[in-house]
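Below is one structure, written out as structure tokens; comments come after it.
Bear in mind the structure is a predicted one, so any value in this text is a computation, not a measurement. Here is the naming used below: chain letters follow the sequence lines, and residue numbers restart at 1 for every chain.
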Amino acid sequence: MSTLRSVKGMNDILPSEVTAWRHLEETFRTVAAAHGYGEVRTPLLEPTALFVRSIGDTTDIVEKEMYTFEDQGEKQLSLRPEGTASAVRAFVQHSVHAQSPITKWFYIGPMYRRERPAKGRLRQFHQMGLEVYGDPGPFVDAEMIDMAVSFLAALGITDVEVRVNSLGSGASRVAYREALLAFLEPQRAVLCADCQRRMEKNPLRVLDCKVPTCAEIAAKAPSLLDHLDEADTEHFAGLRAALDALGTPYVVDPSVVRGLDYYSRTIFEVRGLGGDLGAQNTLLGGGRYDGMVKSMGGPDVPALGLGIGIERLLLAMPEKPTAPAPDAFIVALRPEQRTAALLLGKQLRAAGLRVENDLRGQSLKSQMRRSDSLGARFALVLGESEVAAGTVQVKDLRASTQVELPVGEVAQAIHAAITPA
RNA sequence: GUGGGUGUAGCUCAGUGGUAGAGCACUGGAUUGUGGCUCCGGUGGUCGCGGGUUCAAGCCCCGUCACUCACCCCA
């Protein structure tokens with residue numbers, strides 16, 4: 001309609017939705033605080049090189065999805081496509097490792113990827129993330145996964161599936177890549193075009209292909225888990241044992257490989273199975289990136305993290321909270337009573353009540369209707385005689401009863417009625 | 001980037017070439033000063049945009065834009 005619209009894939013969040021957003025964020029903050037995570041806030045804009053180096057220069061994200069521009073001819077900057085790179089950068093930049101052996105951070109904010117929008121996928125989307133530096137795991141890995149599942153449950157999202165895998169580390173990872181390529185090469189021609197391309201860029205992704213022919217081949221491919229070295233195998237076994245001990249249900253899925261290059265050892269994702277989710281049903285994903293801090297110029301500190309997609313959580317939530325209804329709605333019978341309505345409103349709000357009104361001078365019927373549609377518990381009617389007597393007609397809209405009270409007693413009467421026994 | 005679907009009132013949508021509609025929402029009234037239920041009335045439209053065919057186009061044709069879903073990728 002209008003010629004001026006928000007940018008494609010970047011949505012306004014109107015007050016009717018913000019209540020649910022806040023509920024979600026507050027729930028996350030509570031869970032994070034309970035686990036000792038502190039909030040970190042980093043810039044939305046970073047040097048492009050940060051993402052190229054951390055996420056990987058052959059990933060889709062940096063190859064074609066970043067919003068990148070030149071800052072007045074000086075530097076290449078990019079809008080952050082995810083949160084981990086910035087967090088690690090901040091961790092290194094401020095030598096946080098020197099202050100404490102373990103650092104736990106969380107963040108909440110918008111991320112930007114220039115993809116074609118679809119259900120559950122936007123160009124500006126929002127993530128809540130966790131970062132842990134200094135603990136090699138695997139116990140903390142299990143704790144983070146369990147924490148994520150508990151968080152989802154606190155939002156009423158219980159129809160989920162946890163998938164875990166291990167990518168190994170160092171030499172074992174390189175060895176597996178070789179073995180996989182050796183297996184795929186003879187069958188190259190049978191693979192779909194995308195997979196032939198994947199063989200060059202990130203062969204692990206072939207394991208994740210949904211094209212039936214490719215999936216058939218992938219099923220026979222050598223398992224990454226068979227190529228883990230002793231330490232990696234032990235780490236992964238430790239993760240599973242800890243998850244078992246916590247009673248967190250999960251499945252080991254060797255096809256979970258994730259799209260960012262920096263992961264090592266533990267990776268996981270949680271998919272939502274219910275709600276209004278479309279094809280994009282990954283609610284959260286994460287893993288371990290033990291080499292990243294060092295590769296960014298910091299000390300050799302192991303790290304682990306996850307990112308949760310807020311918009312997808314909202315799609316998956318079975319019930320979303322709405323804004324609380326006003327305690328009272330003040331009705332000025334005629335325009336002449338608007339000053340009295342103004343004063344009564346100020347007084348009741350000072351007493352801690354949520355009070356609405358309509359000061360346009362609408363009809364009584366209109367104001368009463370509005371009291372009802374807003375869900376106000378009380379309608380407070382001021383007419384000529386009430387103003388003269390210093391009283392208010394206090395109507396309980398639920399019980400349909402009405403009493404006339406002195407102005408000074410209204411706040412207390414409402415408090416008494418709305419306070420749960 | 002590729003493919004499909006949809007664009008008509010603020011919202012959800014009907015309208016099968018011949019006067020632009022319904023429900024919801026908003027609003028006035030039925031009830032001198034009382035909401036919900038019901039009834040009567042009212043406000044609200046460049047039918048996404050441009051071109052074409054036709055006596056006549058919301059409807060048919062072409063183009064274009066937007067939104068949306070899927071692929072891809074991922075949160």
**Message:** In whole Å, I'd like the distance from the CD1 atom of A/I55 to the P atom of B/C74.
**Reply:** 11 Å
**Asked** Given that A/R312 and A/S373 both sit by RNA chain B, which one's nearest nucleotide is further toward the 5' end?
**Response** A/S373
**Message:** So A/R271, base contact, sugar-phosphate only, or nothing? Heavy-atom distance under 4.0 Å.
**Reply:** nothing
**Item:** Spacing of the C1' atoms in B/G15 and B/G21 (rounded, Å)
**Value:** 7 Å
**Asked** If you check every side-chain atom of A/Q402, which of B/G36, B/U34, B/U32 has the closest atom?
**Response** B/U34
**Message:** Both distances below 3.5 Å, Watson-Crick or wobble geometry, any strand: find the nucleotide opposite B/U16.
**Reply:** none
Between side-chain atoms of residues 410-417 of chain A and protein atoms elsewhere (two or more places apart, or another chain), which donor-acceptor pairs fall under 3.5 Å?
residue : atom : partner : partner atom : Å
A/H415  : NE2  : A/A351  : O            : 2.7

In a table with atom names and distances, give each donor-acceptor pair under 3.5 Å that connects a side chain of residues 340-348 of chain A to protein atoms at least two apart or in another chain.
none

**Request:** Measure the distance from NZ on A/K64 to C1' on B/C73 and round it to the nearest whole Å.
**Result:** 8 Å
**Asked** Across the strands shown, which category fits A/E386 at heavy-atom distances under 4.0 angstrom: base, sugar-phosphate, nothing?
**Response** base
**Request:** Can you tell me the distance, in whole Å, between the CG atom of A/D396 and the C1' atom of B/U34?
**Result:** 14 Å
**Fill in**
When rounded to the nearest 0.5 Å, the distance separating CE of A/M10 from CZ of A/F125 is 10.5 Å
**Stepwise side-chain contact (heavy atoms from CB on, under 4.5 Å) check, A/Q393 with A/E386** = CA-CA 7 Å; A/Q393 295 292 346; A/E386 286 77 16; 2.8 Å; yes
**side-chain contact (heavy atoms from CB on, under 4.5 Å), paired with A/R80, selected from A/L44, A/L45, A/L50** = A/L44
**Item:** Atom pair OG/NE2 of A/S166 and A/H227 - distance to nearest 0.5 Å
**Value:** 13.5 Å
**Request:** Nearest whole angstrom, please: distance from the C1' of B/U32 to the CG of A/L333.
**Result:** 10 Å
**Prompt:** What interatomic distance, in whole Å, is found between C1' of B/U2 and the corresponding atom of B/U16?
**Reply:** 33 Å
**Request:** Grab the CD1-C1' distance between A/I308 and B/C74 for me, whole Å please.
**Result:** 15 Å
**Request:** Can you tell me, in whole Å, how much space there is between the P of B/G44 and that of B/A56?
**Result:** 30 Å
**Gap in Å between the two C1' atoms, one belonging to B/A66 and one to B/A30, rounded** = 45 Å
**Message:** Walk me through whether A/S6 and A/D12 qualify under side chain to side chain donor-acceptor pair (under 3.5 Å).
**Reply:** CA-CA 8 Å; A/S6 65; A/D12 299 311; 4.6 Å; no
**Request:** Please work out if A/L397 contacts a base, only the sugar-phosphate, or nothing of the nucleic acid, heavy-atom cut-off 4.0 Å.
**Result:** base
**Asked** Rounding to the closest angstrom, what is the interatomic distance between B/G18 and B/C13 at atom P?
**Response** 24 Å
**Item:** Separation between the P atoms of B/G3 and B/U46, rounded to whole Å
**Value:** 33 Å
**Request:** Can you tell me, in whole Å, how much space there is between the C1' of B/C59 and that of B/U68?
**Result:** 23 Å
**Request:** Let me know the distance between CG of A/D358 and C1' of B/U27, rounded to the nearest Å.
**Result:** 12 Å
**Asked** Quantified in whole Å, what is the C1' atom distance between nucleotide B/U6 and nucleotide B/C47?
**Response** 14 Å
**Request:** Any strand is fair game: report the nucleotide pairing with B/C47 by Watson-Crick or G-U wobble, both distances under 3.5 Å, or none.
**Result:** none
In a table with atom names and distances, give each donor-acceptor pair under 3.5 Å that connects a side chain of residues 19-30 of chain A to protein atoms at least two apart or in another chain.
residue : atom : partner : partner atom : Å
A/T27   : OG1  : A/H23   : O            : 2.7
A/R29   : NH1  : A/E39   : OE1          : 2.4
A/T30   : OG1  : A/E26   : O            : 2.8

Do any N or O atoms of the protein come closer than 3.5 Å to N or O atoms of nucleotides 67-70 of chain B, and which pairs are they?
residue : atom : partner : partner atom : Å
B/C67   : OP2  : A/K8    : NZ           : 2.9
B/C69   : OP2  : A/K119  : N            : 3.2
B/A70   : OP1  : A/A279  : N            : 2.7
B/A70   : OP2  : A/K119  : N            : 3.2

Heteroatom pairs (N/O) under 3.5 angstrom, protein to nucleotides 28-31 of chain B:
residue : atom : partner : partner atom : Å
B/G28   : OP1  : A/S363  : OG           : 3.2
B/G28   : OP2  : A/S363  : OG           : 3.4
B/A30   : N6   : A/K365  : NZ           : 3.4

**Prompt:** Between atom CZ in A/R123 and atom C1' in B/A66, what is the gap in whole Å?
**Reply:** 13 Å
**Prompt:** Please give, in whole Å, the distance from B/G35 C1' to A/D372 CG?
**Reply:** 5 Å
**Prompt:** Of all the choices, B/G33, B/C74, B/U27, which nucleotide is nearest to the side chain of A/R360 once you look at every atom?
**Reply:** B/U27
**Message:** Partner lookup for B/A66, please. Criteria are Watson-Crick or G-U wobble with both distances under 3.5 angstrom; report none if nothing qualifies.
**Reply:** B/U6
**Fill in**
pair_partner(B/G36), Watson-Crick or wobble, both distances < 3.5 Å, evaluates to none
**Message:** Both distances below 3.5 Å, Watson-Crick or wobble geometry, any strand: find the nucleotide opposite B/U54.
**Reply:** none
**Asked** Hey, does the Lys NZ or Arg CZ of A/R240 hover above the aromatic six-ring of A/F236, less than 6.0 Å from the centre and inside 45° of the axis?
**Response** yes
**Asked** How many angstroms lie between CZ in A/R173 and CZ in A/R177, if you round to the nearest 0.5 Å?
**Response** 9.5 Å
**Message:** Using a 4.0 Å heavy-atom cut-off, does A/E65 contact any base of the nucleic acid, only the sugar-phosphate backbone, or nothing at all?
**Reply:** sugar-phosphate
**Message:** Which residues pass the salt bridge (charged side-chain N to carboxylate O under 4.0 Å, His left out) test with A/R334, not counting sequence neighbours?
**Reply:** none
**Message:** Partner lookup for B/C72, please. Criteria are Watson-Crick or G-U wobble with both distances under 3.5 angstrom; report none if nothing qualifies.
**Reply:** none
**Item:** Distance (rounded to the nearest 0.5 Å) between A/E131 CD and A/T84 OG1
**Value:** 4.0 Å
**Message:** Go nucleotide by nucleotide along RNA chain B from the 5' end; which of A/I310 and A/V381 gets its closest nucleotide reached first?
**Reply:** A/V381
**Asked** Considering every strand shown, what is the Watson-Crick or G-U wobble mate of B/G41 when both distances are under 3.5 Å?
**Response** B/U27
